[in-house]
K.L.:
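The structure follows.
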Amino acid sequence: MKDDLHFLRLWDLYSPLLTATQKEVTDLYFNYDLSLGEIAEQKGVSRQSISDCLQKCRKQLEKYEEKLCFLKALDELSLEYSAYMTETSRFIEREKENFPMLAELKEKLDGVHRRFGAETEKTDGGEIVGRVFREEE
């Protein structure tokens with residue numbers, strides 16, 4: 001499951017670099033949850049060729065990440081973003097009575113979350129953790 005999640009994150013970033021067939025097979029397997037047999041039947045090929053295609057795609061996506069490091073950069077940015085948002089939220093909570101305009105700032109920050117698709121959650125310790133960055137719909 002953890003490997004599948006990692007693969008999907010890589011797939012989100014690098015799938016445009018795959019061939020049309022590779023993209024279709026991986027999409028059917030991971031996003032549409034079809035079995036190897038179902039995909040093989042749909043494509044008119046053997047189950048083994050679908051399995052080989054998926055393995056090749058995994059290796060290819062890992063190589064892209066190894067060379068380009070986009071996922072690593074996104075993870076680092078997400079952590080930095082979370083730290084800044086935690087610090088800002090704590091400041092707003094602490095100072096909102098002294099500075100009423102902070103409520104407006106909080107609304108603007110919430111708008112940024114909605115606009116750019118950043119979902120956050122608060123932990124028990126009050127930290128804000130960035131979870132997902134969605135594509136525009």
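For this chain, numbers begin at 1 and follow the sequence in order. The shown structure was predicted, so the numbers you read here are calculated from the model rather than taken from an experiment.
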K.L.:
Would you mind reporting whether N31 and T26 have side-chain heavy atoms less than 4.5 Å apart?
P.N.:
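Counting from C-beta outward, T26 and N31 never come under 4.5 Å.
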K.L.:
Taking the side chain as every heavy atom from C-beta outward, state whether Y64 and L10 have any atom pair closer than 4.5 Å.
P.N.:
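Answer no - side chains too far apart.
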K.L.:
Going by heavy atoms in the side chains, are Y32 and I39 under 4.5 Å from each other?
P.N.:
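They are not in side-chain contact.
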K.L.:
Applying side chain to side chain contact (heavy atoms under 4.5 Å, CB included), run through L17 and L61 and close with a yes or a no.
P.N.:
CA-CA 9 Å; L17 301 174; L61 293 174; over 6 Å; no
K.L.:
Within the 4.5 Å heavy-atom criterion, are D12 and L71 side-chain neighbours or not?
P.N.:
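They are not in side-chain contact.
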K.L.:
State the CD-OG distance between Q60 and S15, to the nearest 0.5 angstrom.
P.N.:
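Separation between the atoms: 11.5 Å.
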K.L.:
Rounded to the nearest 0.5 Å, how far apart are NZ of K43 and CD1 of I50?
P.N.:
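Rounded to the nearest 0.5 Å, the NZ-CD1 separation comes out at 7.0 Å.
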K.L.:
Decide if atom CD of E95 counts as having more than 12 heavy atoms of other residues, nucleotides or ligands within a radius under 6.0 Å.
P.N.:
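Yes.
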K.L.:
When rounded to the nearest 0.5 angstrom, what is the spacing between CD in E66 and CD in E62?
P.N.:
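Atom-to-atom, E66:CD and E62:CD are 8.5 Å apart.
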K.L.:
At what distance, to the nearest 0.5 angstrom, does CG of L13 lie from CG of L68?
P.N.:
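Taking CG in L13 and CG in L68, the distance rounds to 9.5 Å.
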K.L.:
Quick one: do R58 and D4 make a salt bridge, cutoff under 4.0 Å?
P.N.:
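Yes, charged N to carboxylate O under 4.0 Å.
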K.L.:
Is the shortest heavy-atom distance from the side chain of K96 to the side chain of K106 under 4.5 Å?
P.N.:
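SC-SC contact between K96 and K106 ruled out.
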K.L.:
Please check: side-chain N/O of E87 versus main-chain N/O of Y84, any donor-acceptor pairing under 3.5 Å?
P.N.:
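Judged by distance alone, no pair lies under 3.5 Å.
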K.L.:
When you measure from the side chain of Y14 to the backbone N and O of F70, does any donor-acceptor pair fall under 3.5 Å?
P.N.:
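Judged by distance alone, yes, a pair lies under 3.5 Å.
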K.L.:
Checking the side chain of S78 only, and the main-chain atoms of L74 only, is there a donor and an acceptor separated by less than 3.5 Å?
P.N.:
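Pair absent, no side-chain N/O of S78 close to backbone of L74.
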K.L.:
Do the non-hydrogen side-chain atoms of Q48 and L36 ever get within less than 4.5 Å of each other?
P.N.:
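Result no, sub-4.5 Å side-chain heavy-atom pair not found.
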K.L.:
Look only at the side chain of Q22 and the backbone of T19, and say whether a donor-acceptor pair between them is shorter than 3.5 Å.
P.N.:
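Yes; judged by distance alone, with no hydrogens or angles, the pair exists.
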K.L.:
Supply the atom-to-atom distance R94 CZ to L102 CG, rounded to the nearest 0.5 angstrom.
P.N.:
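Reported value, rounded in 0.5 Å steps: 10.5 Å.
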K.L.:
Side-chain contact test, heavy atoms from C-beta onward, threshold under 4.5 Å: evaluate it for D27 versus W11 and give yes or no.
P.N.:
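Of all side-chain heavy-atom pairs linking W11 with D27, at least one is under 4.5 Å.
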K.L.:
Using a strict 4.0 Å threshold on nitrogen-to-oxygen distance, state whether E41 and R47 make a salt bridge.
P.N.:
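Judged by the 4.0 Å cut-off on N to carboxylate O distance, E41 and R47 do not form a salt bridge.
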K.L.:
Determine yes or no for a side-chain-to-main-chain donor-acceptor pair under 3.5 angstrom, with S49 supplying the side chain and S46 the backbone.
P.N.:
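Yes.
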K.L.:
Going through the checks in order, is the side-chain hydrogen bond (donor to acceptor under 3.5 Å, both in side chains) test met by H6 and E65?
P.N.:
CA-CA 11 Å; H6 178 70; E65 175 59 18; over 6 Å; no
K.L.:
If I take atom CG from residue L28 and atom CD from residue E38, how far apart are they, to the nearest 0.5 angstrom?
P.N.:
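L28 atom CG to E38 atom CD measures 10.0 Å (nearest 0.5 Å).
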K.L.:
Are L54 and F30 close enough that some pair of their side-chain heavy atoms sits under 4.5 Å apart?
P.N.:
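Yes. Closest side-chain heavy atoms under 4.5 Å.
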K.L.:
State plainly whether one hydrophobic cluster holds both L105 and F99, where clusters connect Ile, Leu, Val, Met, Phe, Trp and Tyr through side-chain heavy atoms under 4.5 angstrom apart.
P.N.:
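Same hydrophobic cluster.
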